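Following: one structure in structure tokens, then a few remarks.
This is a predicted model, so every value here is computed, not measured. So that the names make sense, note that chain A is the first sequence line, chain B the second, and so on, each numbered from 1.
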Amino acid sequence: MQSFLQQAVFGIQLGSLYALIAIGYTLVYGVLRLINFAHGDVFMVGAFVCYYACTRWLPFRDLSADPAGATTNIALAVVVLIITMAVCALLGVLIERFAYRPLRNGLRIADAHFWGLVAALPVAVRLGPFSHPGVLLAWLVIGVAFGYALRPVVAWIARRSVRATSRLNALITAIGVSFVLEYGGLLVVGADPNFVPTIVPERVYVLPGGVRVGTPQLAILAISLVLMLVLRYIVTYTRRGKAMRAIAHDIEAAKLMGIDTDRVISFTFALGGALAGAGGALVAALTHVKITPLFGLLPGIKAFVAAVLGGPGSIPGAVLGGLLMGLAEAFVAGSKASAFRDAIAFCILIVLLLVRPSGLLGRHVAEKV
Amino acid sequence: MLWLLSRALGAAAVLFGLGAMSVWLTHNVETYYYLVLIQCGIAATLAVSLNLINGITGQFSIGHAGFYAVGAYVGAAWTMLWRPIFAKELPWLEIGSLPGDVANLIIALALGSLAAAITGLIVGTPSLRLRGDYLAILTLGFGEVIRVTLLNIDAVGGARGLAGIPTLASTGDLAAFWVFGLLIAVSLLTRNLMQSTRGLTWLAVREDEVASDAMGVDTTRVKVTAFVVGSTFAGASGVLYAHFFTGISQDIFGMDVSIMITTMVVLAGTGSVTGAIIAGFALTAMPEALRFLKDFKEYRMVVFSLALIIMMLTRPQGILGHAEVGFGSFVRLYQRLRLGVRRSAR
């Protein structure tokens with residue numbers, strides 16, 4: 001019984017993280033009917049931003065030497081969370097703007113400059129680490145030069161008429177973006193695993209019955225809950241949220257009603273990115289897993305499974321699916337078949353798609369021919 | 001009767017030519033280039049087999065490495081684990097001589113492809129009821145489940161994998177023969193299938209699933225058949241990989257391999273057999289040519305994924321689309337260049 005409850009606590013911690021990522025999937029799927037395969041990598045970038053903020057950018061106190069620094073550190077940790085969410089929101093918007101929007105509307109000439117900066121990244125990495133301002137400057141200069149060089153190519157691509165692209169093309173693009181982020185990340189930060197040190201004091205409470213609950217777990221649960229409530233407020237009560245729901249319902253009709261769909265879609269990606277970034281920061285700072293540029297893939301796919309489990313497009317469904325996924329994984333990890341903890345997500349997905357393809361809370365929509 | 005004779009003679013000539021080429025290659029080409037060539041052949045076979053599912057039947061499977069892995073593991077299990085049991089009773093199963101090697105490789109190929117086919121049936125029957133992106137994620141998931149399952153079978157080495165698989169076909173002299181023989185056989189089978197009545201139903205499912213359903217095509221059956229045939233071919237190439245590279249572990253059958261095979265099919269043009277072969281060769285040989293770069297694996301993946309994105313933006317149907325490359329297309333290209341005939345306006 002005790003170990004059962006212990007696994008349940010672990011499962012809820014895991015599940016609230018999956019729920020945070022799954023909301024991003026479900027928001028984008030609801031609006032664009034697109035599986036944003038790169039979402040797990042936004043989560044990974046969030047973890048890295050948190051790592052760099054905690055170890056390099058912000059003046060965190062060393063707790064073992066200076067126990068009185070705890071208050072400063074907690075305040076700084078909030079700053080880290082905000083920075084991470086902002087960076088990941090920006091990343092989500094960039095991905096949408098430069099990879100998915102050209103699929104819908106065609107490529108613009110100005111996009112050349114973005115791709116020029118991306119192409120200059122490996123060159124700049126060769127020059128030295130980014131902590132040096134000169135390298136950053138060189139990257140910008142080379143990137144802008146590359147951008148001008150790329151303008152004719154982009155103009156050529158833009159002149160070609162874009163076919164009505166299928167959802168599969170969008171999925172392939174998303175896979176491409178995901179791999180660019182992963183292997184680009186390997187080029188930039190290297191393959192060595194990184195750990196975030198303990199930055200806020202951690203304590204473990206023993207509940208009656210012998211179940212141990214740590215402050216990191218409580219913090220993860222609380223922060224995810226707050227973020228989900230904020231998201232619910234945005235989607236339900238603001239004008240932007242109303243526009244999002246309108247687009248999810250019928251994008252063409254929403255355009256006709258005067259909604260600037262591209263802007264709202266960008267906003268959706270920003271929301272999803274911010275939540276994934278928060279998830280990444282929580283994982284990196286509070287569970288101390290080793291983070292590598294490839295570590296976002298598996299949580300990303302599991303969160304996607306959670307989104308499908310709850311019913312793609314449904315936000316409460318994503319939260320429910322995430323919690324179920326976390327609990328299932330925790331119980332498998334605590335049982336004899338612990339080697340299959342990564343496979344359980346797919347087993348659930350397979351069973352679910354066969355029994356109820358529209359998910360637990362999703363509505364079944366008949367396909368029109 | 002005459003056509004049968006001419007076909008048989010032609011096949012014999014091709015086989016003999018392949019065998020001679022293989023022996024010549026082994027003795028006159030550096031081992032490194034030889035291995036790259038073998039790898040290209042295996043990749044091309046995989047691309048053709050996935051093309052059967054993604055290109056010709058119009059489904060979207062991105063978990064093909066799973067079937068490749070099943071074939072490799074079962075083939076290796078025959079040679080390393082089961083063969084010694086049978087060889088006690090049946091002396092002709094001893095390896096080391098040419099007939100024994102050939103017999104063993106054929107048995108391994110049969111078992112490996114059969115196992116991959118059964119896995120394909122188990123995976124395909126439930127998942128092919130879904131369409132599009134759901135199917136893609138589900139196949140990715142199944143590929144991963146297969147890999148994790150293999151990882152947890154202790155008899156085939158678990159996380160360590162199997163090493164020291166005996167190179168059959170008399171110390172690898174005939175490796176190229178087997179690999180390219182399989183490639184040719186798979187390509188011809190695919191071509192013939194596309195021209196048969198059954199293949200037409202496959203194409204019909206690709207073009208419009210609902211319409212072909214209305215015309216009386218059993219779409220689920222067609223899709224499952226294509227899936228099973230595709231996984232059988234992948235299993236066979238897995239057997240060859242295991243025997244010519246003499247070591248397998250689960251990490252060489254990971255998700256990135258699946259994505260690579262998908263990239264080959266998507267870049268070449270979904271539905272083009274020759275395109276898949278060319279892409280298989282090009283995408284396997286190119287990184288070897290780029291090996292002088294530091295961090296070349298990362299560069300390779302970044303370049304490939306950018307190519308994928310750009311391809312989706314400019315030409316979603318792939319470089320070749322459904323077209324095939326043959327002798328005739330070079331003649332047409334030459335004429336077009338000579339006469340200066342522009343392609344008609346799109």
Side-chain angles (χ1 to χ4, degrees), chain A residues 33-35 37 99 102-103 106-107 115 118-119 121-122 125-126 153 156-157 160-163 165-173 175-187 190-191 293 297-298 301 304-305 308 337 339-340 342-343 345-347 349-351 353-354 357 367 369, chain B residues 54 58-60 62-63 123 125-127 129-138 140-149 151-152 158-159 208 210-211 214 255-256 259 262-263 266 270 293-295 297-317 346:
Chain A
R33 299 285 178 279
L34 161 77
I35 298 175
F37 209 79
L103 275 180
L107 203 60
W115 292 112
V118 172
L121 205 57
V125 171
R126 281 284 178 89
V153 181
W156 175 75
I157 293 176
R160 302 171 66 93
S161 57
V162 172
R163 287 158 182 264
T165 46
S166 72
R167 280 162 62 184
L168 272 185
N169 292 337
L171 180 67
I172 297 171
T173 312
I175 293 175
V177 173
S178 158
F179 273 68
V180 168
L181 283 176
E182 283 168 14
Y183 289 91
L186 276 181
L187 279 177
L297 186 64
L298 214 50
I301 289 183
F304 167 74
V305 174
V308 177
F340 284 89
D342 291 338
F346 297 116
C347 298
L349 177 72
I350 290 158
V351 173
L353 285 180
L354 299 177
E367 191 171 343
V369 181
Chain B
N54 285 15
Q59 304 307 302
F60 196 66
I62 48 175
V123 172
T125 310
S127 42
R129 287 164 50 184
L130 300 164
R131 284 181 200 169
D133 33 16
Y134 280 109
L135 175 66
I137 298 293
L138 202 58
L140 189 73
F142 265 119
E144 202 60 7
V145 171
I146 291 172
R147 193 179 66 85
V148 173
T149 312
L151 176 68
N152 288 302
D208 193 328
V210 179
M255 230 180 264
D256 50 337
I259 303 274
T262 316
T263 313
V266 171
T270 45
L293 283 174
K294 206 177 86 159
D295 305 328
K297 191 188 174 203
E298 288 81 31
Y299 279 115
R300 175 185 73 167
M301 293 307 289
V302 170
V303 168
F304 283 0
S305 27
L306 283 178
L308 211 57
I309 298 174
I310 291 169
M311 182 62 81
M312 285 302 112
L313 286 177
T314 50
R315 205 176 150 81
Q317 73 272 40
R346 277 181 294 275

>> How long is the straight-line distance from CG of A:Leu171 back to OG1 of B:Thr262, given to the nearest 0.5 Å?
In response: 10.0 Å
>> Under 4.5 Å from any heavy atom of chain A, what part of B:Thr149 do you find: side chain, backbone, both or neither?
In response: both
> For A:Val308, is it the side chain, the backbone, both or neither that has a heavy atom under 4.5 Å from a heavy atom of chain B?
Replying inline: side chain
> Sequence neighbours excluded, which residues qualify as side-chain contact (heavy atoms from CB on, under 4.5 Å) partners of B:Leu135?
Replying inline: B:Gln59, B:Ser127, B:Leu128, B:Thr139
> Using a cut-off of under 4.5 Å for heavy-atom pairs, which of B:Thr263, B:Val148, B:Ile259 has the most such pairs with chain A?
Replying inline: B:Ile259
>> Need one label for B:Leu151: side chain, backbone, both or neither, based on atoms under 4.5 Å from any heavy atom in chain A.
In response: neither
> Rounded to the nearest 0.5 Å, what separation is found between the CZ atom of A:Phe179 and the CG atom of A:Leu186?
Replying inline: 11.0 Å
>> For the CZ atom of A:Phe37 and the OG1 atom of A:Thr173, what is their distance to the nearest 0.5 Å?
In response: 12.5 Å
> Any side-chain heavy-atom pair from A:Leu103 and A:Leu34 closer than 4.5 angstrom?
Replying inline: no
>> Taking side chain as everything from C-beta outward and backbone as N, CA, C, O, which of these in A:Leu181 sits under 4.5 Å from a heavy atom of chain B? Side chain, backbone, both or neither.
In response: neither
